[in-house]
Amino acid sequence: MFALVDCNNFYASCERVFQPQLEGKPIIVLSNNDGCVIARSNEAKELGFNMGDPYFQVKPDLAAHNVNVFSSNYALYGDMSRRVMWYLAQKAPEVEIYSIDEAFLDLHGLEKYVASNLDAFARTLRADVKRRTGIPTCVGIATTKTLAKLANRLAKKRPELGGVLHLDSDEKRCWALQQVEVGDVWGIGRQYAAKLAAAGISTAADLAGCSDAWARKNLGGVVGARLVQELQGRVCHGLAPSEDGTLARKSISCSRTFGQPLSAFHEVLAAVGTFTSRAAEKLRRQGDAAHLMTVYLSKSRYGLEPPPYSCSLVLTLRVATSDTTELLRVARLAVKRLWQADSRYTKAGVVLDGLEPAGQTQLSLFEPAPSSDKRNRLMAELDAVNRRFGKNTVRLATTLLPSGKTPWEGKAQWCSPAYTTRLEGLMLVS
DNA sequence: TCTGGGGTCCTAGGACCC
DNA sequence: TCTGGGGTCCTAGGACCC
């Protein structure tokens, strides 16, 4: 048995924990640059606001409906997520943190202790997470991850279920499949939904009735075949936990839409340098080194200019590295080669790929290692200082402008305090 | 004026090798 | 007219997720 625990409207719920007067009121959370809507409370959903709505377009409507607007506060959401996940890890033998607000629990073996009463287990879990963190959740339980997802969805949509749905019989499974539209099944996106509609398949139950061959042909090969099998109750996806519940990433990226279009080489270079530093930090935290680095520069796709909107360059590092200075050297080369004068760049990004554990790097026979032990110690010190005194306390010159400005950073006009991770953000009670 | 930032997996097709 | 076959590796691109 798998359980999927999913936080309800997670970002909005995080804001509510510290501003309980917002309970029952509409909330939306904006993307990095206050660019578009990325999260909504139920009340905001009912008012018709959608994911991805550009803020500048819906601003008047938001004001008209007294919607509470927040810039995204990842320091807060990340910390609240850690608290929820830590608690779940105490309650189940194995946990896979699937995203910032969802986790799969492996309940195999647990059945013995809680007998057939996984329902009660789930209800207690929900109540405890709420009491300890303030975050509301829903729980779906079933024999496969895909069915657990589906059960979770129904638990969320049907208040009469009390936030928990356990598909503990074939009748219940069939009933649940009939309640869910095919486009709402985990793994069915817009393209596939359209294809399925054209084939007369409208519910999850219809999809579960498809043949293996048909699914394989029309839904991306083996991926589609597995999806259908999971709906039928045949397990194709196990839990993918790691020691601390976090997954080791196979690629690491850092990208941002700029606060304003940039046309000066040194400004874009400083932005790419900043993103490179961030990505390298993440890479070292994971204990890996990278063989491949992709750098891309993008222009607005909403203006008058024709495509392509983005150009990218993949660079191979002869020796895998996690050394910021080495990666910055390569990033600078990439920006130089990609650069087109008179362009208005609106976004840039860095992707590190081809990861391998640091230290196991195969040194080529005739090349001296560019990252000496000394360099590695320097990076470790850098990370330690920044962990202790805050991000960017120490940084490399390539990531700075002489003016001290950071024009690539967007506005975050409506950001709540970092209540749980910064002293200044602590609430005062008087 | 203003439109997110991460990730995953799979397939097809070309280059290359024997 | 008539063009080997099988394997591996790599990359680009497409679909999906939150």
Side-chain angles (χ1 to χ4, degrees), chain A residues 4 6-11 28-40 50-60 62 71-74 77-78 81 96-104 145-146 149 152-153 182-196 215-227 236-237 240 246-261 275 278-279 282 286 291-292 294 296 298-304 308-310 312-314 316 344 346-355 408-413:
Chain A
L4 176 66
D6 191 346
C7 302
N8 305 349
N9 309 318
F10 182 59
Y11 294 175
I28 63 145
V29 180
L30 299 173
S31 63
N32 179 48
N33 203 12
D34 287 351
C36 60
V37 175
I38 58 163
R40 304 156 296 158
N50 291 311
M51 293 286 278
D53 281 348
Y55 177 48
F56 73 93
Q57 278 176 11
V58 292
K59 205 170 174 177
L62 291 167
S71 305
S72 36
N73 182 347
Y74 286 104
Y77 311 149
S81 173
E96 174 190 336
I97 298 174
Y98 178 68
S99 71
I100 195 165
D101 64 348
E102 284 172 79
F104 285 103
K145 285 170 116 179
T146 307
K149 266 283 209 188
N152 185 288
R153 188 184 170 80
V182 76
D184 293 330
V185 171
W186 192 36
I188 300 297
R190 267 227 294 277
Q191 309 290 326
Y192 288 165
K195 215 168 178 178
L196 289 164
R216 200 172 275 268
K217 181 152 180 284
N218 294 286
L219 300 175
V222 68
V223 181
R226 284 183 194 146
L227 200 165
C236 299
H237 303 294
T246 57
L247 289 170
R249 299 297 175 191
K250 292 172 181 166
S251 70
I252 286 173
S253 59
C254 182
S255 65
R256 290 285 181 281
T257 298
F258 304 146
Q260 63 204 43
F275 306 157
R278 281 288 303 141
K282 293 191 208 173
Q286 187 170 304
H291 262 297
L292 292 170
T294 307
Y296 63 89
S298 307
K299 302 175 208 176
S300 172
R301 58 181 64 241
Y302 304 101
L304 298 171
Y309 302 116
S310 188
S312 67
L313 196 60
V314 183
T316 306
R344 284 159 54 87
T346 56
K347 176 181 179 177
V350 173
V351 184
L352 301 175
D353 248 320
L355 307 189
W408 55 87
E409 278 176 14
K411 35 183 193 228
Q413 222 178 327

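So you know, we letter chains A, B, ... as the sequences are listed, proteins then strands, and number each from 1. Below, each value reflects all heavy atoms present in this structure, side chains not excepted, and no hydrogens, waters or symmetry copies.
Residue A:R249 is classed as a sugar-phosphate contact, given heavy-atom separations below 4.0 Å to backbone atoms only. A:S251 comes within contact range of the sugar-phosphate backbone alone, with a heavy-atom separation under 4.0 Å but no base atom that close. Within the nucleic acid shown, A:I188 comes within 4.0 Å of sugar-phosphate atoms alone, with no base atom in reach, counting heavy atoms only. Among the heavy atoms of the strands, none lies under 4.0 Å from A:Q260. Within the 4.0 angstrom heavy-atom criterion, no nucleotide atom of any strand lies near A:I100. Across all strands, A:K195 comes closer than 4.0 Å to no nucleic acid atom at all (heavy-atom distances). Within the nucleic acid shown, A:D101 comes within 4.0 Å of sugar-phosphate atoms alone, with no base atom in reach, counting heavy atoms only. Nucleic acid contact class of A:R278 (heavy atoms, under 4.0 Å, all strands): none. Within the 4.0 angstrom heavy-atom criterion, no nucleotide atom of any strand lies near A:K411. The residue A:K347 sits close only to the backbone: its heavy atoms come under 4.0 Å of sugar-phosphate atoms, none of a base. When heavy atoms are screened at a 4.0 angstrom cut-off, A:Y98 is found touching the sugar-phosphate backbone but no base atom. If you check every strand for non-hydrogen atoms under 4.0 Å, A:V58 touches nothing. Residue contacts shown for A:V222 are limited to sugar-phosphate atoms, with no base heavy atom under 4.0 Å away.
Taking all atoms of both residues into account, the shortest heavy-atom contact from A:S255 to A:G349 is CB-CA, 3.6 Å. Contact between A:I252 and A:K282 at its shortest, heavy atoms only, is CG2-CB, 3.8 Å. Contact between A:P261 and A:R344 at its shortest, heavy atoms only, is CG-NH2, 3.4 Å.
Each of A:G259 and A:S255 was assigned the nucleotide of DNA chain B with the nearest heavy atom; the assignment lying further toward the 5' end belongs to A:G259. Closest-nucleotide positions on DNA chain B for A:C254 and A:R344 were compared, and the one nearer the 5' end corresponds to A:R344.
On the nucleic acid side, DNA chain B has its first and last nucleotide under 4.0 Å of a heavy atom of chain A at B:dC2 to B:dT11, going 5' to 3'.
Between the A:S71 side chain and the A:L30 main chain, no donor and acceptor come within less than 3.5 Å of each other.
Between the side chains of A:T257 and A:N33, no donor-acceptor pair of N or O atoms lies under 3.5 Å.
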> Given the rule in the side chain to side chain contact (heavy atoms under 4.5 Å, CB included) test, do A:R256 and A:N32 qualify, once you have shown the distances and angles that lead to the verdict?
Replying inline: CA-CA 8 Å; A:R256 290 285 181 281; A:N32 179 48; 3.1 Å; yes
>> Under the criterion side chain to side chain contact (heavy atoms under 4.5 Å, CB included), I'd like the reasoning laid out for A:Y11 against A:Y74: C-alpha separation, chi angles, the key distance, then a yes or no.
In response: CA-CA 9 Å; A:Y11 294 175; A:Y74 286 104; 3.4 Å; yes
> Can you check side chain to side chain contact (heavy atoms under 4.5 Å, CB included) on A:L227 and A:V185, steps first, answer last?
Replying inline: CA-CA 9 Å; A:L227 200 165; A:V185 171; 3.8 Å; yes
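Paired runs in DNA chain B that reach 3 or more consecutive Watson-Crick or G-U pairs, where each pair keeps both distances under 3.5 Å, cover B:5-18 with C:5-18.
In this structure, A:S81 and A:F10 have side chains that are in contact, with non-hydrogen atoms separated by less than 4.5 Å.
Contacts of A:F104 classified as side chain to side chain contact (heavy atoms under 4.5 Å, CB included), with partners at least two apart in sequence or in another chain: A:L4, A:E96, A:Y98, A:K145, A:K149, A:W186, A:L239.
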